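Here the structure comes first, spelled out in structure tokens, and everything after it is commentary.
When a ligand or atom number is given, it counts from 1 through the structure's own listing order. Just so we're clear, the structure is a prediction, and the values are computed from it rather than from any experiment. The residues of the chain are indexed from 1 along the displayed sequence.
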Amino acid sequence: MLTLRKRVLIIGGGPGGRFSYMTLRRMGEKSLSIVMNEDPTVICSLPYGVGRKLVPGGPEEEVVDLANSDRLPPEIVEDAIRGVVTELDAENHIARGTSTEGPFEIHFEKVLLAPGAVPWLPSVKGLLSDKEGYMRDLTEIMVGSEYVSKEKLAENIFVMRGADDARALDAFAEKSDQAVVVGSGAIGLEVVEALHDRGLAVTLVEALPHLIAAMDMDMAGKVSERLSEWGVSIYKNIQLTEVRSDRVVLSDGTEIKTDGVVFATGVRPNVKLARSAELSIERGIVVNEKMQSSHPDIYVVGDAAQISDAVTGRHILPLIGTLAMRQGLVASANIMGKEMFLPPATVWGLSAIFDLHWGSVGWTEELANTLGIQVFSITLPYHTREKAMVNGKEGLWKVVVSASDEKGLKKGQIIGFQVVIDGESPLFLTERFIDIITRRETVSGLFSHYFVHSPYHNTVEDPYLMLLFAAQEAMAH
Ligand SMILES: Cc1cc2nc3c(=O)[nH]c(=O)nc-3n(C[C@H](O)[C@H](O)[C@H](O)COP(=O)(O)OP(=O)(O)OC[C@H]3O[C@@H](n4cnc5c(N)ncnc54)[C@H](O)[C@@H]3O)c2cc1C
């Protein structure tokens with residue numbers, strides 16, 4: 001058995017774990033191990049590897065070669081253990097597991113836990129099989145409330161989380177004519193486009209009444225229209241109940257012929273090890289603003305960690321890669337004895353489908369209504385250039401505003417942002433609204449946000465003032 005003694009052990013080789021490794025090394029930590037149970041990848045780009053349009057070399061191009069990375073310190077080759085930690089003995093500061101070389105035991109002073117999230121699938125008929133599946137990595141999924149080894153997935157069923165998932169979907173795309181994608185969040189839609197680009201006829205199935213839960217019906221409707229224009233069949237407000245070898249069955253009995261099914265039905269924080277270490281767990285692993293768990297020597301970053309929403313104070317699971325990396329910096333600094341706190345955060349996302357770009361930050365009007373938060377919303381047109389200029393693009397943006405001083409919110413506080421623009425990136429507006437929303441700004445604060453005008457890049461209309469005027473008018477009524 002391999003026995004190591006390290007000051008810091010990182011568990012998980014996703015963005016949270018790798019960024020933490022990089023930061024700890026930069027801060028001078030030399031006694032480090034990082035255990036990773038699958039090929040490290042640029043996870044967010046995996047659907048584009050399958051689609052081939054943006055990554056012609058396929059998903060293999062997204063795999064990070066640790067020995068030749070221009071982002072990671074070279075010492076990672078020595079410090080990485082390819083394996084899985086199966087037990088975290090917090091009391092004795094020992095992690096046990098198995099690697100490609102056999103069992104190991106690592107004695108540590110501090111642990112940085114970055115186990116991420118596992119794909120969640122509804123427990124429908126035909127999901128699992130006794131035959132060995134495609135996985136060679138040691139990763140898992142969650143079916144209903146049970147963790148299941150990913151290799152148990154039936155041959156024609158796929159998820160999209162790691163390198164092996166993308167490889168399997170890539171091979172499926174090569175030999176198939178039709179596919180069903182279940183779930184219409186960013187990942188589901190990116191997979192729809194990828195398979196469409198590979199020439200498959202794609203059907204999208206969504207249990208909710210409209211696509212993209214992160215947007216309201218009026219905004220998400222634009223995305224639906226775009227998918228239909230590109231020939232994607234959409235079934236909404238209906239559930240998939242069974243997968244057979246050549247078709248799926250929906251809850252109303254509809255049968256759709258298909259060669260395979262991709263489940264993009266969400267993820268759940270991976271809390272397996274946290275349980276073995278008896279850490280406090282609610283929606284995810286509970287951490288404070290230093291990313292420290294209920295055990296003072298165990299820090300948690302990324303998709304497994306539950307944080308407080310800057311808007312409502314509720315516990316949220318943001319599931320955002322860039323946030324996992326920021327959390328890695330915070331945890332690493334605290335491990336190195338430099339006190340640091342995670343800046344206020346919320347939920348955000350940005351993606352594009354068939355060149356229709358969409359983004360959202362914070363709370364939708366629908367979700368606010370469900371939570372009993374009194375809101376009003378303002379929707380404004382978005383033109384990327386003056387009418388007299390060629391190549392201008394059109395879009396819509398929507399802002400959700402608190403209508404009262406209840407539930408810890410201020411009247412006029414901006415709590416949500418959504419945008420849909422045809423053919424152009426709304427990145428800058430989305431990032432600005434992350435700041436506005438996480439800093440709990442009200443509409444009157446919009447006056448302090450300047451905009452840059454340049455005819456090549458935007459119209460002369462000041463978006464922040466337009467929103468301020470519209471909001472003042474709405475609040476006056
Ligand atoms: C297809 C796709 C597209 C995305 N696009 C975006 C995007 O555009 N922008 C964005 O910000 N975010 C995006 N995300 C979300 C982002 O990828 C996640 O938020 C991010 O990966 C979380 O990082 P993490 O390190 O917490 O977890 P993960 O990336 O899940 O990594 C955790 C790793 O730890 C491993 N692990 C778990 N338990 C153990 C154990 N016991 N021993 C060893 N290893 C273990 C897991 O198998 C996994 O490899 C996307 C996600 C997907 C799947």
Notebook entry, point to check: In terms of residue, atom name and distance, what is the protein heavy atom nearest to atom 49 (O) of ligand 1?
Noted result: Glu38 OE2, 2.5 Å

Check: Any salt bridge between Asp297 and Lys110, counting N to O under 4.0 Å?
Finding: yes

Notebook entry, point to check: Among protein heavy atoms, which lies nearest atom 42 (N) of ligand 1, and at what distance?
Noted result: Val85 N, 3.0 Å

Notebook entry, point to check: Tell me, which protein residue and heavy-atom name are nearest atom 34 (O) of ligand 1, and how many Å apart are they?
Noted result: Gly12 CA, 3.2 Å

Check: Nearest protein heavy atom to atom 6 (C) of ligand 1, by residue and atom, and its distance?
Finding: Cys44 SG, 3.1 Å

Checklist line | Identity and separation of the nearest protein heavy atom to atom 51 (C) of ligand 1 | finding: Ile187 CD1, 3.8 Å

Next item on the list: Step by step, work out the side chain to side chain contact (heavy atoms under 4.5 Å, CB included) result for Arg161 and Ile43.
Entry: CA-CA 7 Å; Arg161 184 78 195 177; Ile43 177 170; 3.9 Å; yes

Check: Salt bridge between Asp170 and Arg198, side-chain N to carboxylate O under 4.0 Å?
Finding: yes

Notebook entry, point to check: Taking the six-membered ring of Tyr299, is NZ or CZ of Lys290 closer than 6.0 Å to its centre and within 45° of its axis?
Noted result: no

Notebook entry, point to check: Should Thr139 be counted as touching ligand 1, given the test is an N or O pair under 3.5 Å?
Noted result: no

Notebook entry, point to check: Does ligand 1 have an atom under 4.0 Å from some heavy atom of Ser45?
Noted result: no

Note to self: Among Val419, Val420, Thr379, which residue satisfies the side chain to side chain contact (heavy atoms under 4.5 Å, CB included) criterion with Lys398?
What the structure shows: Thr379

Check: Under 6.0 Å between the ring centres of Phe158 and Phe172?
Finding: yes

Next item on the list: Below 4.0 angstrom from a heavy atom of Pro47, which ligand 1 atoms are there? Numbered from 1 as shown, please.
Entry: 1 (C)

Note to self: So if I count the atoms of ligand 1 from 1 in the order they appear, which ones are less than 4.0 Å from some heavy atom of Thr322?
What the structure shows: 11 (O)

Notebook entry, point to check: Any N or O of Glu190 that comes nearer than 3.5 Å to an N or O of ligand 1?
Noted result: no

Note to self: Students often mix this up, so state it plainly: with edges at 30° and 60°, are the rings of His93 and Phe108 parallel, tilted or perpendicular?
What the structure shows: tilted

Check: Just which atoms of ligand 1 are under 4.0 Å from any heavy atom in Leu273?
Finding: 41 (N)

Check: More than 12 foreign heavy atoms under 6.0 Å from CD of Glu229: is that the case here?
Finding: yes

Next item on the list: Consider only side-chain N and O atoms of Gln418 and Thr364, and report whether a donor and an acceptor are under 3.5 Å apart.
Entry: no

Next item on the list: Note the single closest protein heavy atom to atom 28 (P) of ligand 1, along with its residue, its atom name and the distance in Å.
Entry: Arg161 NH2, 3.5 Å

Notebook entry, point to check: Does CZ in Arg440 sit with more than 12 non-hydrogen atoms of other residues, nucleotides or ligands closer than 6.0 Å?
Noted result: yes

Item checked: Given Asn156, Leu200, Val180, the one that forms side chain to side chain contact (heavy atoms under 4.5 Å, CB included) with Thr258 -> Val180

Next item on the list: For ligand 1, indicate whether the residue Leu323 contacts it via side chain, backbone, both or neither (heavy-atom separation under 4.0 Å).
Entry: neither

Item checked: Shortest protein heavy-atom distance from atom 46 (C) of ligand 1, along with the residue and atom involved -> Asn37 OD1, 3.5 Å

Note to self: Give the atom numbers and elements of ligand 1 that come within less than 4.0 Å of a heavy atom of Gly83.
What the structure shows: 43 (C)

Note to self: Using a 4.0 Å cutoff against the non-hydrogen atoms of Val84, which atoms of ligand 1 qualify?
What the structure shows: 40 (C), 41 (N), 42 (N), 43 (C)

Check: Is the count of non-hydrogen atoms from other residues, nucleotides or ligands lying under 6.0 Å from Glu78 atom CD greater than 12?
Finding: no

Check: Given Ser351, Pro318, Gly116, which has its nearest heavy atom closest to atom 27 (O) of ligand 1?
Finding: Gly116

Item checked: ligand 1 atoms in contact with Met160 (distance to a heavy atom under 4.0 Å) -> 1 (C), 53 (C)

Notebook entry, point to check: Charged N to carboxylate O under 4.0 angstrom, Glu38 versus Arg82?
Noted result: no

Notebook entry, point to check: How far is atom 31 (O) of ligand 1 from its nearest protein heavy atom, and which residue and atom is that?
Noted result: Gly14 CA, 3.3 Å

Note to self: As an exercise, identify every atom of ligand 1 less than 4.0 angstrom from a heavy atom of Ala114.
What the structure shows: 32 (C), 33 (C), 34 (O)

Checklist line | Lys53 and Asp197 ion-paired at < 4.0 Å | finding: yes

Next item on the list: Taking only heavy atoms of Ile320 into account, list the atoms of ligand 1 that are under 4.0 Å away from them.
Entry: 11 (O), 19 (O)

Check: N/O to N/O below 3.5 Å, does that happen between Gly16 and ligand 1?
Finding: yes

Item checked: Sub-4.0 Å heavy-atom contact, Leu46 with ligand 1 -> no

Item checked: Mode of Ile11 contact toward ligand 1 - side chain, backbone, both, neither (heavy atoms, under 4.0 Å) -> side chain

Margin query: With a sphere of 6.0 Å drawn around CD of Glu278, does it hold more than 12 non-hydrogen atoms of other residues, nucleotides or ligands?
Written below: no

Note to self: Check for me whether Pro15 has a heavy atom closer than 4.0 Å to any atom of ligand 1.
What the structure shows: yes

Margin query: Using a 3.5 Å cut-off on N or O atoms only, is Gly321 in polar contact with ligand 1?
Written below: yes

